[in-house]
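Each remark here refers to the structure printed beneath this line.
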Amino acid sequence: MVPSTRLASIQLNNATISFEDRFTLSELDWTIEPDQHWVITGANGSGKSALAAALAGIGKLEAGTVEGLPERVGLVSFEAQAELIATELKKDDADIMDVVSLGTPVREMIFEYCRDGELANDLVEKFGITKLLDRAFRKLSTGETRKVMLIRALANQPDLLILDEPFDGLDVDTLAMLQAHLAAIVDHVPMVLVLNRFDEMPDFITHVAYLDKDRPDPVKGSKKPREGGRLAFTVDRQDEAAFNELYQLLHLKTTDLRVPEADPASRLPALDPSQPLVKLTQATIRYGDTLIVDRLDWTIERGQHWQLSGPNGSGKTCVLSLITGDHPQCYTNDIFVFGFQRGNGESIWQIKQFIGYVSTALQWEYRVSTSCRNVIISGFFDSIGVYTKSTDHQKKIADQWLALLGMQARADQPFNKLSYGDQRLLLIARAMVKHPPLLILDEPCLGLDDMNRQLVLALIEKICEGNETTVLYVNHHTEDRIKEIDNHLTLDKNH
Amino acid sequence: MANYFNTLALREQLEQLAKCRFMYSSEFDDGVEALKGKKMVVIGCGAQGLNQGLNLRDSGLDVSYALRPDAIAQKRQSWKNATENGFTVGTYEELIPTADVVLNLTPDKQHTAVVNAVMPLMKEGACLSYSHGFNIVEEGMKVRDDLTVIMVAPKCPGSEVRAEYVRGFGVPTLIAVHEANDPKGEGLALAKAYAVGTGGHKAGVLMSSFIAEVKSDLMGEQTILCGMLQTGSILCFDKMIEEGIEPGYASKLIQYGWENITEALKYGGVTNMLDRLSNPAKIKAFDLAEELKDIMRPLYNKHQDDIMSGHFSRTMMDDWANDDANLLKWRAETAETNFEKTPAGEVEISEQEYFDNGILMVAMVKAGVELAFETMTAAGIIAESAYYESLHETPLIANTIARKKLYEMNATISDTAEYGCYLYNHACVPLLADFMKDIKSDVIGKGLNVDDNGVDNARLIEVNDALRAHPVEAVGAVLRGHMADMKKIV
Ligand SMILES: NC(=O)c1ccc[n+]([C@@H]2O[C@H](COP(=O)([O-])OP(=O)(O)OC[C@H]3O[C@@H](n4cnc5c(N)ncnc54)[C@H](OP(=O)(O)O)[C@@H]3O)[C@@H](O)[C@H]2O)c1
Ligand SMILES: [Mg+2]
């Protein structure tokens, strides 16, 4: 193969780039090697298009460095398209003449701009817009202007191609044609694509950059909250496991999720709405002479999401286990849960039926070999493993959860063969499957890498948005917050 | 006091031994109702006492602990167990008179003294329960006529009783009513409610008799469950050292090997355990097991005979009277064995390697399980009982060896089991001396050294048929099936 005369790599070092004070991208540490082809993806509103534009030199560098941006960048995006149309319309306004302006014809838009006229000609034909060549650019439909944009970018011999959602709104034939063309030029032009859907990802893509929403500090003197995004992580396509997780994450982040229905046959007893879900009065836990929890008063009302924080050893898990009935000292404390004053002949199963519970310890308990589907089904029985015959309907609900997690293909695989993060997701589904009034998440992100944290938090946010389940989220970082949660209890180490 | 079993006529003995019925889950529909609001006082807070009590309380029952004065005054472990878990603790005088049910969960050797001390304090018409029938059957304890006497015996170490309950399950449990002491006819209802309270009903309950429980329990624990694993550990380790295997590797292969190979037993019986081997290794293990069964059969028979005749319990009680001289001597000897003294090495051994390099261990488990089962059923014990006391419990005991070797096993099992285990080991090690002379590292430590895995078709069919035809496999398949979907778990 001919050695390509390639550019140097593009390097962003701890860069912060702002876009008209509306949006800020931060923590941009990113290197694009000349032989790589990237997809930028991420949560909605995380600044994917902004990052793509930044590679075309758009935006203001606030901090850090950006090096190696090529001179000739072919950028196709809705923003660029809108801008080009706006410019055309302005030309109209400027020309105060007696003849009504027809605007710039498409032919001129393409051939006066493109360095490779031959290719442009070829593409005009392939995109099927020969008939439009003499039409005014501003008279075209959105789809047609998009095609013009694509031809301009492709036929201008760019050093870097940036295509923001290039496949959106293209008919099937055009789509196939464009994809084939891109595949044919990959050896000559590095590409960065913004894509929301993974199934559209061309085979030649080598890397993925994932952006997440960020909340930057407001500009000094301004009260207006700003939007922002940050580069959360990048994935090499060769790393198959990471790539699959990313697929799942996108699925959670970008599809309109609906939590599967509860099982009507295993409906929970009704709770008295006038009573709190949980009320601990002067709760105290001690081991020998060591005081772990000291006279804690805590009431959890229905619909009040809580975050419980505190350093390691401050007794967070102990307090939880008073609520779940797993702590033996729940019999020596004044505890009211789900209508039961503890220690009056109720069984722990009567308590546990109202609680969904996820923790690292629970995950360890699941070292036995059981299928992913059964892990979810076991949530109907509050057991670890399934010991009771489950109904077809329960199986169906479990499968809906698996689909929601993007794991339907793994229903029959053994749970202990899954990645740590996938196990955690399944356990959250297990906890939620019965639509419990209280969902307790004890350090749900513990031990997870960035991508899996994103996955778990995305799922928790979805659950918080529903109004059926009250969430109790435990985390030892006070700063690690979920936006729907506004009640906070912080425990101190008192021993 | 006379041996109760020996006072019965042969006809009655056989009837009691054959008492065993797997109960339907619908028989437990009343849940813990029969015990609701009743006061349950547990004597002793050790392995069974603490864990059964935790389960019963979590099932909504009223549980407190009566401990001997010294335990309270010295704040012994039993006192700590109870108080740290938030239970009320008191003396016999304080608690026994209030009790509707007294749960005797002290060591078997203390039962006569304990029952004699609490019986006068028990209220009229109360219930006395055991988790092992030794005191009633072997010591012939006579309980006051107005008292109901029942047994609820989990077929697992105490730690498992709790762990399984917490996961929403339970352990297989044997219940019985002492027919001589069921004045109000409520024994069965109480025993069932108690089994529900411990979670046992979810894993399967056998309705049995005190006699069947004792005679099968003793047999199982002495032979396959503890004795065979101890003897096997010692012999296999010494052989590997003799064959030049690295001691750390040898120690690990045994310490975790029992757990790994019997895990296969738990899922699919002896057949599945042998199916984990390559065909040549399977045939090898089968042949070794046949040889072992021939050599050990008289020993298994002797254990069963001594248990039936009362000879075993008499000699053990003599040892109790002699300040446990033999027990302590054997315990010290166990601690001095090379296996016990050699820590497991830091080597990686895959799950399959435990099978491939532990063919002899597989053969020993097979021989022990089948012999114990055959001997018990030949003595009139029903297959279901024999299954629980042999195959079912083997993996549970193997787990204890994985934790801290023979020390842990002998510390976790009851004192009676520990005594019986040493007794077996003492006889079995010399019995297998000749057999062990021909053993090489191909069956223990290194795995078969064969060019290919080819075997003779006819021979393989023969072996497979024989494996599957053994009666322990038939009853095992049924009982494991009863444990519903838990097949995947236990
Ligand atoms: N371990 C098993 O795997 C198992 C399985 C099924 C059934 N069982 C049966 O369960 C029963 C209890 O066995 P275990 O293994 O749980 O015993 P354990 O762990 O040795 O506990 C015995 C408890 O009894 C107390 N105790 C000892 N001597 C006493 C005496 N003279 N008076 C009053 N209390 C005394 C001890 O406390 P202090 O010494 O502090 O007073 C200790 O808390 C036995 O009948 C056994 O056969 C055991
Ligand atoms: Mg036993």
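Only heavy atoms go into these numbers, but all of them, side chains included; no hydrogens, no water, no symmetry mates. Sequence lines set the chain letters: A, B, ... in the order given, protein chains first and strands last, and positions in each chain run from 1.
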Inset, instruction - Please flag which part of A:Phe381 lies under 4.5 Å from any non-hydrogen atom of chain B: side chain, backbone, both or neither. - result: neither
Legend entry - Atom group of A:Ser347 that falls short of 4.5 Å from chain B, counting heavy atoms: both
Inset, instruction - Sort out for me which of B:Lys36, B:Glu84, B:Arg57 touches chain A most, counting heavy-atom pairs under 4.5 Å. - result: B:Arg57
Legend entry - Name of the residue among B:Thr198, B:Val171, B:Asn51, B:Asn55 meeting side-chain contact (heavy atoms from CB on, under 4.5 Å) with B:Glu164: B:Val171
Inset, instruction - Please name all residues satisfying side chain to side chain contact (heavy atoms under 4.5 Å, CB included) with A:Gln413, sequence neighbours left out, ordered by chain then number. - result: A:Arg410, A:Leu418
Inset, instruction - Let me see the working for A:Lys279 and A:Asp297 under salt bridge (charged side-chain N to carboxylate O under 4.0 Å, His left out), right down to the final yes or no. - result: CA-CA 8 Å; A:Lys279 186 163 194 248; A:Asp297 287 322; over 6 Å; no
Inset, instruction - Would you sort out whether A:Asp399 and A:Arg373 count as a salt bridge (charged side-chain N to carboxylate O under 4.0 Å, His left out), showing the intermediate values? - result: CA-CA 7 Å; A:Asp399 286 341; A:Arg373 186 190 285 110; 2.9 Å; yes
Inset, instruction - Report the option among A:Glu346, A:Gln350, A:Lys352, A:Gln329 that has the most heavy-atom pairs separated by less than 4.5 Å from atoms of chain B. - result: A:Glu346
